[in-house]
Amino acid sequence: MRVVALAGGTGSAKLLRGLASLVRDLTVVSNVGDNFWAQGLYVCPDVDIAMYTLAGVANPATGWGLRGDTFRTLSQLGALGEETWFALGDLDMATHLVRTRLLKEGRSLTQATDSLRMAFGVSQKILPLTDDHVETRVVTRAGSLHLQEFWVRERGRPAVRKVEYSGAGKASPTPSVRKAVAQADRIVVCPANPVTSVGPMLAVPGFLEDLSSSRGRVTALSPMVGRAPFSGPAGKLMKAFGVRPDSAGVAKMYSRFLDAVVIDSRDADMAPEIERTGVKCATSDTLMKTPDDEVRLSKELLTA
Ligand code: GDP
C-alpha cells in the first residue's frame, strides 16, 4: 500500500512513527509555512521534526531538535549580542548549515531535503509541499508576525486578528508531491494545527484539487478534544481564522477532500454533525502517549 502523510510538527511526528512501523511505502508531505531564517540559516522546523523522528534521533522531551543536543553556540551568539529566542542546538545547527549551503549552491528545497534525509538514514521520502517560500503570518494588534515570532518569541500571547499565508498564491506544489498524491492508495492527514500546518498547504493553488481528485482514500486524525487542541495554539488561531475550534470544525475545513476522520471518543456527540457533511466519522482514544497508541491510531487511520 502506498501511503502519503500530510504532516506538521510535533503532533504529526508521533503518528508518522506509527505509520512508518506499519507501511513500507510511506511518503511524508511536509508543511513549509513555518520555515524561517535564523542566524543566517534556513530552518525548516516541520521537515526536521519528521526527519529526526523517522531517524529515531528526535529529542523525546520536546518533540523537536536532536536528542542530547547542547546550546553552547547559541549562548555564545547571545554573548555577541545576537537574538537567541529561537533555540538552535549545536548539533541541530549542522542540519541548517548543510541545507543553507545546498540552497545557496542552487539546489531546490526538495533536493536539499532529500540529501539530508538520506544522510540521516531515513528510508521514507520527505517532500516539502513546495519549493517556493510560503510564510504563515499572524496579524496581531502589534502588527504582522512570522508564526515563529508569534509562537516562540511572543509565546502566543498577542490577540490575533487574522492569519495569512504570504507567498502561497504564487507557489505551486512540487511535481514530486503531485505525483505522490496522485499515486497514493491512502492519504493520511496527521494531527496538526489546521491553521498553521495544514492551512498553508491548502493555500497553495492546486493542492486542494490534487487531494480531492486523488484516487486514494483521505483520512485524518483530529488534533482537538472538546473545544481545545491537545497542545499548541490551534484553538486561538482557528477562532481567528473563522473555523470552529473543535473536531467538527476541523472536519468541515477538510470536507472538500476528506473521506473519513477519527475524533476523540469524548466528542462522540459531534459524529452525526460531521457525517452530515459527507465525512465518515470514527471515534477512538486519540491521545498518543505511548508507541502502542501511535501504532493503534495509525491502523485505525489506514482502515477508516
Ligand atoms: P506544531 O507545529 O509542533 O504545533 O505541530 P503540529 O502542526 O503537528 O500541531 C500539533 C497539533 O497536534 C496540535 O493541534 C495538537 O492538538 C495535536 N496533537 C498533539 N499531540 C496529539 C496527540 O497525541 N493526539 C492527537 N490527536 N493530536 C495531537
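None of the values given here were measured: they were computed from a predicted structure. Numbering of ligands and ligand atoms starts at 1, following listing order.
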Between the main-chain N or O of Leu22 and the side-chain N or O of Lys299, is there a donor-acceptor pair closer than 3.5 Å?
-> no
Please check if the side chain of Thr219 supplies one atom and the backbone of Ala260 the other of a donor-acceptor pair under 3.5 Å.
-> no
Ligand 1 and Gly9, any nitrogen or oxygen pair closer than 3.5 angstrom?
-> yes
Backbone or side-chain N or O of Ile49 under 3.5 Å from ligand 1 N or O | no
For atom 19 (C) of ligand 1, which candidate among Pro45, Ser231, Ala234 provides the closest heavy atom?
-> Ser231
Which ligand 1 atoms are under 4.0 Å away from a heavy-atom of Pro229?
-> 14 (O), 16 (O)
Numbered atoms of ligand 1 (with element) below 4.0 Å of Ser12, judged on heavy atoms = 8 (O)
Val134 with Val163, same ILVMFWY side-chain cluster at under 4.5 Å = yes
Give me the nearest non-hydrogen protein atom to [atom] as residue plus atom name, then the distance to 0.1 Å.
atom: atom 24 (N) of ligand 1; answer: Thr286 O, 2.7 Å
atom: atom 10 (C) of ligand 1; answer: Gly11 N, 3.9 Å
atom: atom 23 (O) of ligand 1; answer: Met288 N, 2.7 Å

Run the salt-bridge test on Glu164 and Lys162 with the 4.0 Å N-O cut-off and return the result as yes or no.
-> yes
May I ask whether Gly232 has any heavy atom positioned less than 4.0 angstrom from an atom of ligand 1?
-> no
Classify the side-chain pair Asp90/Thr70 by whether it contains a donor and acceptor separated by less than 3.5 Å.
-> yes
Side chains of Asn59 and Tyr52: do they bring a donor and an acceptor to under 3.5 Å?
-> no
